Structure formats: structure tokens, C-alpha cells
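For reference, the structure is listed below as C-alpha cells.
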Amino acid sequence: MSTPSTTNFNTALHFISSVKQKEVNKQREAYYAVTDAAGTDDLAAIAALPASQQKDAYLGYVRKIVGAITSSSLSSIRQDPYTTIAGSRNLSIHNISTWTALAEKDPHFSLDLIKEWADALDLHVRQTRKKMDCAKLFGELMTEWLGSGDSTTTGVYQIAETPEPAVPGSDAVAEEPNAARLRVEKERLAGLFFAPAGETPLDTGALVEYLDGLFASDAAQAQLASLRGFVGTRGAAFQKELVSSSSVTNAIDGLLGGYSLKEGMRETLEAFRANPAVIQEISSVLTIRMANLDAWEWPIEGVLTEFRTYVTGKLRGFTDPDVIDAILLHYIGTCWQMEFKGRFNNVFNSEAWKRKGRFTPRESARLKAQLSQGYRPIELQRRDAQQKHFFMNRLADRPQRVSNYDDFLDRGNSGKSEADPNSPATVKRKLLHIVSTESLLQRTLAGKFTVFQSDLADFGPTLSHAAILAVLEYFGMPPAWLSFVKRFLQAPIRIEENGPAQIRQRGIPIGNPLSAAIGEVLLFIMDFAVNQNVEGLFLYRMHDDLWLWDADRQLVARGWEEMQKCAGLLGMKFNDHKTGCATVGGEEHEGDGLPLSSSSRVHWDLMVFDAVEGRFVIDQNEVDVHAKWEKPWRKPSPCSDG
């Protein structure tokens with residue numbers, strides 16, 4: 001009896017084989033077509049011609065064959081001009097092309113040498129055809145063997161069936177949700193996925209006009225032009241690049257580092273990871289699929305939404321692709337994450353990004369003269385912390401650092417999370433420390449301090465597809481990639497296992513690097529809008545958790561107003577339950593748009609900001625509720641000292 005992991009593994013191998021078989025057949029048919037059109041069977045007819053006509057005939061034959069195998073529009077069959085001709089020691093296509101041009105001008109050029117070239121090219125074409133015929137036969141035999149069931153008994157492809165202990169971040173942590181809660185969540189997600197994104201369609205014209213306003217300055221225009229140029233160039237280059245074995249390994253490691261894996265996929269990926277031959281095969285398949293990205297589609301039968309509950313208590317629905325598509329989408333998402341992070345960091349470091357509290361040159365000179373040589377202004381330290389921890393923090397800057405923003409790691413009780421200085425748990429603690437420090441500093445200097453917090457409601461499941469495509473197009477994404485993203489977003493998904501597949505009308509799949517890249521691109525607009533329109537105020541953001549603070553409450557109120565305007569144009573909504581404000585040492589006014597401290601609170605999990613003390617304190621009420629809920633999960637530790 002085969003296990004799910006064994007079935008997934010063999011299904012993946014069958015898929016790899018079928019993809020390569022299709023590509024081999026495509027190359028074979030194309031090669032036959034171009035060489036037949038060039039007249040590969042003409043040598044016998046040329047040899048029968050009078051001697052006076054043979055030279056021109058042989059030269060014409062050589063030109064046609066060389067042109068056919070070097071100038072094909074299909075890159076898969078186009079051969080390098082410096083390829084050595086089969087059966088010869090050092091005769092290349094480039095050499096023949098050069099000497100052919102010489103032979104056409106030299107009436108005394110040896111006919112025997114020209115005939116030798118023609119014979120060599122004829123042999124080269126026939127041997128290449130034979131290789132393709134053998135590759136086609138081998139592929140058919142491989143496909144037949146994989147489909148027969150005998151391949152499941154082959155030791156090299158056998159997957160260990162010994163269950164591994166549950167570890168934080170693995171799909172073994174999930175519990176089966178109760179039926180009533182599951183039914184409610186399915187109905188809620190169905191309403192989000194399939195319902196139109198509002199009573200009226202998103203006004204993309206107003207959104208583009210808003211973006212034009214944000215990038216109106218000369219410095220911003222220069223950065224926008226650079227961003228568009230890089231995105232367009234890299235988008236075209238991605239499809240032409242070879243997907244290396246190391247890229248496949250990094251993608252598999254990234255998938256294994258997350259928790260959004262359906263049953264059996266973890267074991268399948270680990271088996272792939274341990275087999276260099278399989279990694280190499282996957283890299284060749286992904287290279288083929290990247291070159292033919294316009295043919296990528298979700299399975300026609302749809303993708304089942306699987307619901308999993310984690311120890312944080314949240315129930316989430318995952319639309320998991322098959323194992324090969326999962327690796328492909330992870331690779332694509334990683335490429336775009338690194339691209340957008342680099343480009344947005346360029347904007348942050350440019351003159352287009354407004355700076356709050358800059359010193360005049362005279363003030364800077366006086367401070368340097370009065371303070372020590374190692375003096376670093378506090379604004380510079382703020383800027384470093386902002387860029388390092390709160391600006392595009394979810395995007396990867398290299399393949400090995402693709403983030404998996406999830407609630408379990410957010411708790412900070414996994415070793416990986418503790419060790420990573422940019423993990424959600426570490427960044428959260430840093431933000432709480434910074435808020436408390438800024439509160440003390442601003443109350444000392446200005447006598448007052450205001451902190452504001454909000455969160456985007458159902459951010460992933462409710463993102464407008466129209467907004468996503470409009471923003472990506474505005475930033476220069478090529479049409480081929482826009483088409484791919486549209487197909488990626490509009491997945492046919494099934495809420496019930498035996499239910500019909502419906503096209504997702506809004507939202508993005510969770511737990512996918514491409515989804516993370518899309519979300520961060522949209523939220524960059526909010527970052528930039530607050531910076532441009534609110535005197536350089538910085539929006540401290542951890543994905544869709546949003547924070548503003550300043551000594552001036554009115555400046556914070558303007559930031560909140562700009563956030564609401566931007567969110568409305570992007571089709572986003574804020575979570576009222578997680579929106580709060582606290583002012584220390586200053587006056588509050590109901591008409592400024594910010595919630596009053598008496599009717600809201602600034603909190604995160606078990607911590608709440610005390611407007612009297614001006615710092616975060618433990619919320620004992622939340623502790624009691626959490627302890628009551630978490631008690632069933634606790635188990636005595638065998639290493640406990642007590």
C-alpha cells in the first residue's frame with residue numbers, strides 16, 4: 001500500500017518525465033521541420049549535376065543547412081555557431097560560414113573541400129536527428145515505466161515512511177478543526193474569495209492618478225523611471241535564465257521552512273532534496289517552464305482549499321499547488337522579492353524619500369565640532385532601524401532568506417525565530433522597545449507623545465486583483481508577467497473536496513513568496529504616501545500591522561488620514577478592533593480623526609501601552625484568557641527542572 005508521500009513523489013517524477021518528453025518532442029519536430037525545409041536529401045541530386053554546376057549547388061546547400069540550425073526562432077533547437085560538427089575534429093559551424101563566404105568569391109576554391117563540408121553537415125544533421133529519435137524513445141519508455149507502478153519499488157526513489165516528531169513550523173503541528181468552526185470559516189472565506197470586491201469596480205484610473213501625484217517631484221520621477229526600467233529588463237531576463245540546481249535547492253529549503261504544506265509534501269520534498277539527480281532533473285524542467293511561462297495554468301480540476309488550525313488558535317485555508325508547481329512558484333516569488341526589495345531600497349535611499357528632522361549644514365558642523373568623532377545623529381540611527389527592520393522587511397534580499405510570515409513564528413518560541421534578527425518575533429520586540437524609548441524621549445523633549453496602531457482586515461484574502469495588476473503595470477512589469485500574475489491570482493479553487501471549482505475573484509494565496517511580493521508592492525504605496533504627504537513621517541510596518549508615532553498628535557492624525565485615503569483607492573479596509581491610539585502628556589480632540597485613549601488601546605498580544613506610564617505593560621486580563629485557552633496544549637517537559 002503506497003503512502004501519500006510515496007504517491008506524491010512518483011506523481012512528481014511522472015510529471016517531470018512528461019514535461020521533458022513534451023519538450024523533446026517539440027524540439028524533435030521543430031528540428032525535422034527546419035532541416036527538411038533546408039533540403040537535407042539534396043546531396044544525391046547535387047552529385048548528379050554537371051561538374052560546372054556542383055560548386056554553386058553545394059555552397060547553396062551548405063548555406064541553407066547552416067542557416068536552418070543557427071537562425072531558428074526556437075532557442076531550444078538553435079545551435080551555437082561554435083558547435084563542433086559531428087564526426088569532425090575542429091570543424092565548427094562558424095568556420096564553415098566564414099569559409100563559405102571566401103569560397104563564393106574565389107573561383108579556384110577546392111570543390112572537394114566544399115563537398116566535404118556538405119557531407120559533414122549532412123552527417124551532423126542525421127546524427128542529431130538520431131539522438132532526438134533515441135531521446136523520444138527513451139522518454140516514452142520512461143513514461144510507460146513510471147505509469148506501470150513498478151517505479152514505486154525502486155530503492156533510489158523510495159521515501160522513508162517513519163513518522164518524524166512534530167516540530168515548530170511543520171504541518172504536523174496542525175490540529176483538525178471542529179466541524180462547526182470549520183463550516184463557519186469556509187462560508188466566510190467563500191464570501192471573501194468569490195464575492196465581488198465591493199458594490200462598484202475598483203477605480204483604477206483614480207489609483208493611477210494618485211500614484212502620479214506621489215511620484216510628481218523630479219527626484220521621484222527619476223526613481224520611478226529607474227524602477228520601471230529595472231523591472232521590465234529583469235522580467236524579460238527571468239524567463240531566459242537557466243534555473244540552477246542551487247536555485248531548486250533553495251526553493252525546496254524555503255518550502256520546508258514554512259508550514260503551508262499539504263499531507264505528504266514534506267516527505268516528498270525531503271526526498272527530492274537528498275537526491276542530486278532529481279534536483280538536476282527539476283532544474284531542467286523549471287528552465288523549460290520558465291521559457292514557456294505563458295502556458296502555465298492551474299490544474300483544470302481546481303485546487304482544494306485545506307484548512308489547518310495552529311497553536312495560536314487561527315484557522316487558515318491553504319490552496320496548495322502540486323509539488324512541482326510549488327517549487328516553481330517559490331522560485332518565481334523569490335526572484336521578484338529580491339528585485340522589488342532592491343528597487344524600493346533605492347527609492348528609500350534617494351532624494352525622493354523625505355527625511356524628517358534634517359539638520360542644516362551649519363547645525364551639522366556645530367554638532368560635529370562639539371561632540372565626539374564617533375557621533376551619529378539620532379535621526380540617522382532611526383533611519384537605519386527603519387530601513388533594516390520596518391521597510392520591506394518581509395521581502396528577501398537573497399534566496400536563502402525568503403521569509404515565512406506566520407503566526408507561529410510570530411510567537412518567538414522557535415529556535416529559528418530567536419536566531420534570526422529579522423524574524424517577526426524579533427522585529428516585534430524591537431518595535432515595542434522603540435515605542436517605549438521614543439515615548440520617554442519625546443515626553444522629555446516635547447512634553448507629549450502620541451502612538452497609533454492599526455491593522456488591515458483580512459489583508460491576503462481581500463486584495464483587489466484589479467489594484468494588483470494596475471500597480472504592477474504602473475511599476476513596469478512586462479505584459480507576459482502581468483498575464484502570469486493574473487492567472488496566478490485567478491486560481492480555480494474548491495472549498496469543499498467534492499464541490500465545484502470556482503475562480504477566485506479577489507485575494508492571494510497565503511504562504512507563497514509571490515503573494516508576499518505582491519502584498520509588499522501594494523503596501524509600499526502606503527509607505528511612500530505617508531512619507532510624501534505627511535512631512536516625512538515614517539510608517540512603521542510589519543507586513544499589514546501599521547504603526548505611527550510622533551510628539552505632534554496632529555501629524556499622526558494626518559498620517560492616519562493619508563493611510564485611509566490610500567487604502568480606499570487600493571480596495572483595502574482597516575480592522576477597527578485592532579485600531580487604537582494613545583496620547584501621553586498632550587491634549588486629545590475628537591475632531592482630529594484619531595481614536596481617543598479612553599475608547600481604544602494600543603496593544604500587541606499580551607502587552608498594552610499604558611498612557612499614564614508611557615510604556616508597554618503586561619495586560620493581565622489577556623494573560624488569563626490566553627492561559628485558559630493554551631492549557632490543553634501544555635505537556636510536562638522531560639527536561640524540566642521542576
Side-chain angles (χ1 to χ4, degrees), residues 192-194 196-197 201-202 204 207-208 211 227-241 243 251 254 260 286 289-300 302-303 318-322 324-344 392 394-396 402 459-493 502-525 543 569-572:
L192 295 177
F193 291 162
F194 306 130
L202 187 83
T204 55
L207 175 58
V208 171
L211 292 171
L227 170 64
R228 287 172 170 171
F230 274 110
V231 170
T233 301
R234 291 301 297 147
F238 284 153
Q239 290 185 258
K240 299 177 182 179
E241 294 174 353
V243 181
S260 57
L286 295 192
R289 302 204 78 188
M290 286 294 292
N292 299 280
L293 203 61
D294 56 344
W296 182 88
E297 295 281 356
W298 289 102
I300 192 171
V303 185
F318 293 86
T319 50
D320 299 326
D322 62 43
I324 299 298
D325 273 346
I327 297 173
L328 173 68
L329 293 174
H330 196 284
Y331 169 76
I332 290 173
T334 301
C335 290
W336 280 115
Q337 280 198 23
M338 294 189 295
E339 183 64 28
F340 279 119
K341 183 160 188 173
R343 305 287 75 78
F344 290 150
M392 300 292 116
R394 197 184 178 195
L395 298 185
V402 179
F459 177 72
T462 60
L463 280 180
S464 165
H465 292 178
I468 292 170
L469 295 173
V471 170
L472 292 177
E473 182 178 10
Y474 188 85
F475 286 151
M477 183 169 279
W481 277 104
L482 289 173
S483 176
F484 169 79
V485 171
K486 184 176 182 179
R487 296 194 302 276
F488 169 74
L489 296 173
Q490 296 180 348
I493 58 178
Q502 295 178 270
I503 301 299
R504 184 201 296 267
Q505 297 179 20
R506 60 181 180 182
I508 53 179
I510 62 175
N512 185 288
L514 182 56
S515 297
I518 290 170
E520 289 295 297
V521 168
L522 264 63
L523 289 174
F524 166 78
I525 297 172
H543 188 38
L569 290 168
L570 290 170
M572 303 174 185

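Computed from a prediction, not measured in an experiment: that's the story for all the values here.
- For the residue pair Val303 and Pro299, the shortest heavy atom distance occurs at CG2-CD, 4.1 Å.
- Note that CD of Gln490 is 10.5 Å distant from CD of Glu297, once rounded to the nearest 0.5 Å.
- With sequence neighbours excluded, the residues that form a side-chain contact (heavy atoms from CB on, under 4.5 Å) with Pro321 are Trp298, Asp325, Ala326, Leu329.
- Residues satisfying the side-chain contact (heavy atoms from CB on, under 4.5 Å) criterion with Arg228, sequence neighbours excluded, are Leu224, Tyr474.
- By the ring pair (Phe, Tyr, Trp, His ring centres under 6.0 Å) test, Phe488 is found to be paired with no residue, residues two or more places apart in sequence or in another chain being considered.
- The minimum heavy-atom distance between Gly235 and Pro478, with the atom names listed, is CA-CG, 4.2 Å.
- Looking only at side-chain heavy atoms (C-beta outward), Met392 and Phe340 stay at 4.5 Å or farther from each other.
- Without hydrogens or angle criteria, Glu520 side chain to Leu395 main chain gives no donor-acceptor distance under 3.5 Å.
- Between Val231 and Trp481 there is no side-chain heavy-atom pair separated by less than 4.5 Å.
- Contacts of Glu339 classified as salt bridge (Lys or Arg N to Asp or Glu O under 4.0 Å), with partners at least two apart in sequence or in another chain: Arg234, Arg343.
- With values rounded to the nearest 0.5 angstrom, Leu489 atom CG is found 11.5 Å from Ile503 atom CD1.
- With rounding to the nearest 0.5 angstrom, the CZ atom of Arg504 is 7.5 Å from the CZ atom of Phe194.
- Shortest non-hydrogen contact noted between Leu469 and Leu482 is CD2-O, 3.8 Å.
- Atoms CZ and CD, from Phe484 and Gln239 in turn, are 9.5 Å apart once rounded to the nearest 0.5 Å.
- With sequence neighbours excluded, the residues forming a ring pair (Phe, Tyr, Trp, His ring centres under 6.0 Å) with Phe459 are His543, listed by chain and number.
- When side chains are defined from C-beta on, Met290 counts as touching Ile332, because their heavy atoms get closer than 4.5 Å.
- At least one donor-acceptor pair closer than 3.5 Å links the side chain of Thr334 to the backbone N or O of His330.
- With contacts defined as side-chain heavy-atom distances shorter than 4.5 Å, the pair Trp336/Ile518 does not qualify.
- Here the straight-line distance linking atom CG of Leu472 with atom NZ of Lys486 works out to 13.0 Å at 0.5 Å rounding.
- From Ile493, atom CD1 reaches atom CD of Gln502 across 8.0 Å, with rounding to the nearest 0.5 Å.
- Side-chain contact between Leu569 and Ile525 is absent, with no heavy-atom pair separated by less than 4.5 Å.
- A donor-acceptor pair under 3.5 Å is absent between the side-chain atoms of Arg394 and the main chain of Ala516, judged by distance alone.
- In this structure the side chain of Leu522 reaches within 4.5 angstrom of the side chain of Met572, judged on heavy atoms.
- Using modelled atom types, no side-chain atom of Ser515 and backbone atom of Ile510 make a donor-acceptor pair closer than 3.5 Å.
- Proximity of His465 to Val485: side-chain heavy atoms (C-beta onward) are nowhere separated by under 4.5 Å.
- For Thr204, the side-chain contact (heavy atoms from CB on, under 4.5 Å) test picks out Leu202, Ala466, Ala470, with sequence neighbours left out.
- The minimum heavy-atom distance between Ala517 and Gln337, with the atom names listed, is CB-CG, 3.8 Å.
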